[in-house]
Every structure is written in C-alpha cells, then in structure tokens.
Amino acid sequence: MIIEIAAQGGFGGVAAASLHKTIDVADQPEQMRQELCHAFEPDELARLARQPCGNCADRMTYCITVTEDRESRSFTLHEQQIPPEMLDLIDQM
C-alpha cells in the first residue's frame with residue numbers, strides 16, 4: 001500500500017502550511033504498518049469524508065490517495081474530519 005498525502009490551507013491558506021508526503025507501508029516497521037493500514041483503509045477514509053464538516057474555513061484540507069494492487073482511490077478530508085490519532089500518524093510519516 002502506498003499512501004500519498006497532500007495538504008494545504010490553514011489561516012489564509014498560508015503557504016508554509018502546505019505539505020506533501022508519500023510513504024510505502026511495506027517499508028515500515030510492523031507496528032507502524034498495522035497502524036497505517038488500519039487508519040488509511042479506503043472504506044474508513046470514505047466514511048470520514050462523508051462526515052459533516054461544520055465550519056471548515058481556515059482549516060487544513062488533506063488530499064489522501066491510497067494505492068493498493070495498482071488501484072488508487074483519493075479522498076479529500078478537512079482537518080476537522082480527521083481523528084487526532086490519524087493526524088499524529090501523518091506527522092510521523
């Protein structure tokens with residue numbers, strides 16, 4: 001599984017708040033691999049993307065693409081839709 005994350009936004013769309021990360025889950029230690037596979041499972045990302053976002057102005061927006069077996073699925077999530085544990089994983093990537 002390859003996870004690609006591009007994020008931008010924040011207060012006034014500050015350029016310093018943008019990021020782009022790509023990680024091959026197979027190259028990670030077992031514990032991290034399990035956490036990433038669970039957190040970034042496409043059905044879970046789709047569920048999170050369907051959640052209402054309330055006031056998402058001036059928040060980070062994450063475009064997450066998961067590629068597995070040559071099939072890619074992309075999701076757009078706002079910071080408020082992402083659980084804190086997932087944000088921690090993104091920081092660790």
Given side chains that start at C-beta, do those of [X] and [Y] come closer than 4.5 Å, heavy atoms only?
X: Ile82; Y: Leu48; answer: no
X: Leu36; Y: Met1; answer: no
X: Cys37; Y: Gln34; answer: no
X: Thr65; Y: Arg73; answer: no
X: Leu77; Y: Cys63; answer: no
X: Leu89; Y: Met32; answer: yes

- Query: For the residue pair Phe75 and Pro42, what are the closest heavy atoms and their distance?
  - Reply: CZ-O, 3.4 Å

- Heavy-atom pair of closest approach, residues Leu45 and Phe40: CD1-O, 3.5 Å

- Message: Donor-acceptor check, side chain of Gln81 to backbone of His78, threshold 3.5 angstrom: yes or no?
- Response: yes

- Task: Determine whether more than 12 heavy atoms belonging to other residues, nucleotides or ligands lie under 6.0 Å from atom CD of Glu30.
- Result: yes

- Message: Are Ile2 and Ile64 connected into the same hydrophobic cluster when the rule is that any two of I, L, V, M, F, W, Y join if their side-chain heavy atoms are below 4.5 Å apart?
- Response: no

- Query: Can Arg33 and Asp24 be counted as an ion pair, charged N to O under 4.0 angstrom?
  - Reply: no

- Query: Nearest 0.5 Å, what's the NZ-CD1 distance between Lys21 and Ile5?
  - Reply: 7.0 Å

- So OG1 of Thr61 and CD of Glu79: to nearest 0.5 Å the spacing works out to 9.0 Å

- Message: If only side-chain N and O atoms count, and only distance matters, is there a donor-acceptor pair under 3.5 Å linking His20 with Glu4?
- Response: yes

